[in-house]
Amino acid sequence: MVERTPILNFITHLVLFLGFVLAVAPFVIVAIAASHNLKDVNDVPMSLLPGGDFWVNIKTAWTTANLGPKLLNSFIMAAGVAAGKVVISALTAFSIVYFRYPGRTFIFWLIFVTLMLPLEVRIVPTYAVVANVLSPYQTILDVTGLTWLIEKVSGVQVSMSFGLLNSYSGLILPLIATATGTFLYRQFFLTVPDELTEAARMDGAGALRFFIDILLPLSRTNMAALGTIMFLWAWNQYLWPLLITTDQSHATAVTELKQLIPNVGGAPEWHIAMAGTLIVMLPPLIVVVAMQRWFVRGLIATEK
Amino acid sequence: MASITIRDVTKSYAKSQVVHGVDLDIASGDFVVILGPSGCGKSTLLRMIAGLEEISGGEIAIDGTVVNRLEPRERGCAMVFQNYALYPHMSVAQNIGYSLKVAGVPAAERTQRIQAVARILELEPMLDRKPAALSGGQRQRVAMGRAMIREPKVFLFDEPLSNLDAKLRVQMRSEIRKLHRRLNATSVFVTHDQVEAMTLADRLVVMNGGRVEQVGTPGEIYKRPASRFVATFVGAPAMNILEGVVELDGLSLLGGSRRLPVPRVGLPVGAKVAMGIRPEAVRLVAPGSQGALNATVDLVEELGAGRVIYVDLDGAAFSVVTSETVHPAAGATVGLKISPDDMHFFSSETGARLDVFKASMPVPAH
Ligand SMILES: Nc1ncnc2c1ncn2[C@@H]1O[C@H](COP(=O)(O)OP(=O)(O)OP(=O)(O)O)[C@@H](O)[C@H]1O
Ligand SMILES: [Mg+2]
């Protein structure tokens, strides 16, 4: 039951307001710090009145960390992960929900287990695979003795190598293979009435046709929600991009922020670091605002 | 147009068998209604014809071709679902035309055929709307249109009217009937509503517990129910059943407390039978009249055109439909006159109909 009394209304609004202040305060402080000059930002306590150097600091941060290409890298990675995730999750969930085949439950649990093994846990083997995508196959050949056999027979030493370090694929692919999206889709597909599936069968639509013509349009809001969440998640990735981008050309904005953070012995240029942070925060903010309407609808998922 | 032949068809799920050897011949152009209580396997049978459900045993042939292994789209059936199953994101026109689109019919021809169907179903003004913006009856018509546009050999309906209000149901019923007359396509219609069944069917199939109890015209089934189940299931209010034993000169009812003169030709003396009598075949007479059973009125239900009178016959409930202007009050005693010609007999053990040779000989009354 929802009660509506003035007092309760007031209290709920008060709680909401406190939460809002709590959430937004660090952001405001970052913005204020970004507007000070070197001297003001290091005052203790720092003045909470905005200073006048905002645009100067932004410009300095942009050029010092060379943020232009980095933001582009970040964007390619985040968009790639979001798109890949949306596609892969929809396909896997479709297979799990709509097809009966041997091993289906096993596959379901395999996918489920990846929930418990996030990238951080399996980062070393993942790195090894990305460094040479073919290494698992090489290992199989080595272990079974096939390498040896082939070398004896043909004199050719089999050594397969295909590395993804310092590439967009290397940035994106390992982040796509997780289970959250699959489960979101699975929950949605389970709510699609069976009659709809059957009607499509009677209309002559095969599995793929049904997927493309019926299921995908119906799950538009889910896609928007998942895409947004994954964009943010990928944008904020730190460990993985740091590991596999040894070369500046593929570094992402989030990892490159560290260039702006003052080193020991360097000038304490916190105003520049804060300005850089603001820039890097902006794209995800725009995505969230743009997708918000869809995003919320997708998460409540009542529209059928 | 196509005939459907169903031979010894069974359906089993992992643990239980739900359809037990159904045999049925449906002639080309027939409107067949499958009637039965909830859970008797009507939908399952229909879905096996459609190809949505695998056939566990037996054979289904459409137009002489065994379709057991064919995909739904290869069987030439169209189906109207109980909840309409319209595609929520498509407009009415897209919904109706989807099967043509899948079949690769060119857009121009598609539009033309959608228009033709919409004209028949009076859906023209709402072709651009989404299903969510339609009333129940309109959605129903879109579902019909989606089935019609393919010009299928067979129409299958699974309780398509059960979500409509009473008035709309009657209206859609006659529209379906008209449509059938116009298209003359073989139709199989599943329902548990007997009024719907009686009014729509050329031939009625009564099912119970995964078996076919009786096949016949609605009239035949009403007049000569083949089993006690059919007798009590078809007709409202339900047929009255009184348990009795056949005696030399009549029937001893309700453990011997009542006696009725009956033609006992064909029934062995001492046989335990269930005597059935339709509520509308019972006449109310003055209590104590010759050959009448006395009973106490429990409840009178006014129907407008007539009334249903529920009486108590030594503890057995019994109903009488009367249009006469008699107004027995609750608690009053009335006489029930039952003509031997209106009696049905069923075996007490098997429930099967016992055929009585109804000689019009004078029967001594008691
Ligand atoms: N997938 C299934 N697994 C096991 N049993 C099932 C399955 N589907 C249906 N049944 C059983 O089969 C029987 C017949 O079901 P069916 O849907 O054909 O009934 P129905 O006559 O159409 O009933 P209703 O009038 O309620 O729609 C029921 O007892 C049901 O429980
Ligand atoms: Mg059913």
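The structure presented is a predicted model; accordingly, all values stated were derived computationally and were not measured. In what follows, every chain begins at residue 1, and chains take the letters A, B, ... in the order their sequences are listed.
More than 12 heavy-atom neighbours from other residues, nucleotides or ligands sit within 6.0 angstrom of CG on A/Leu216. Within a 6.0 Å radius of CZ in A/Phe183, other residues, nucleotides and ligands contribute more than 12 heavy atoms. Dense packing is recorded around CD of B/Glu109, with more than 12 heavy atoms of other residues, nucleotides or ligands lying under 6.0 Å away.
Between chain A and the options B/Glu74, B/Arg146, B/Glu71, B/Arg75, heavy-atom pairs under 4.5 Å are most frequent for B/Arg146.
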- Message: side-chain contact (heavy atoms from CB on, under 4.5 Å) for A/Arg201 and B/Met79? Distances and angles first, verdict last.
- Response: CA-CA 10 Å; A/Arg201 279 182 75 190; B/Met79 184 146 167; over 6 Å; no
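Interface remark: B/Ala50 contributes backbone and side-chain atoms alike to the contact with chain A (heavy atom separation under 4.5 Å).
A donor-acceptor pair shorter than 3.5 Å can be found between the side chains of B/Tyr98 and A/Asp213.
Looking at A/Ile214 and B/Met90, their side chains come closer than 4.5 Å, going by heavy atoms from C-beta outward.
Screening B/Asp158, B/Leu86, B/Asn83 against A/Glu195 for a side-chain contact (heavy atoms from CB on, under 4.5 Å) leaves a single residue, B/Asn83.
Of all non-hydrogen atoms in A/Leu196 and B/Pro88, the two that sit nearest each other are CD2-CD, 4.0 Å. Residues A/Pro217 and B/His89 approach most closely at CB-CD2, 3.3 Å, considering heavy atoms. For the residue pair A/Met202 and B/Pro72, the shortest heavy atom distance occurs at SD-CB, 3.9 Å.
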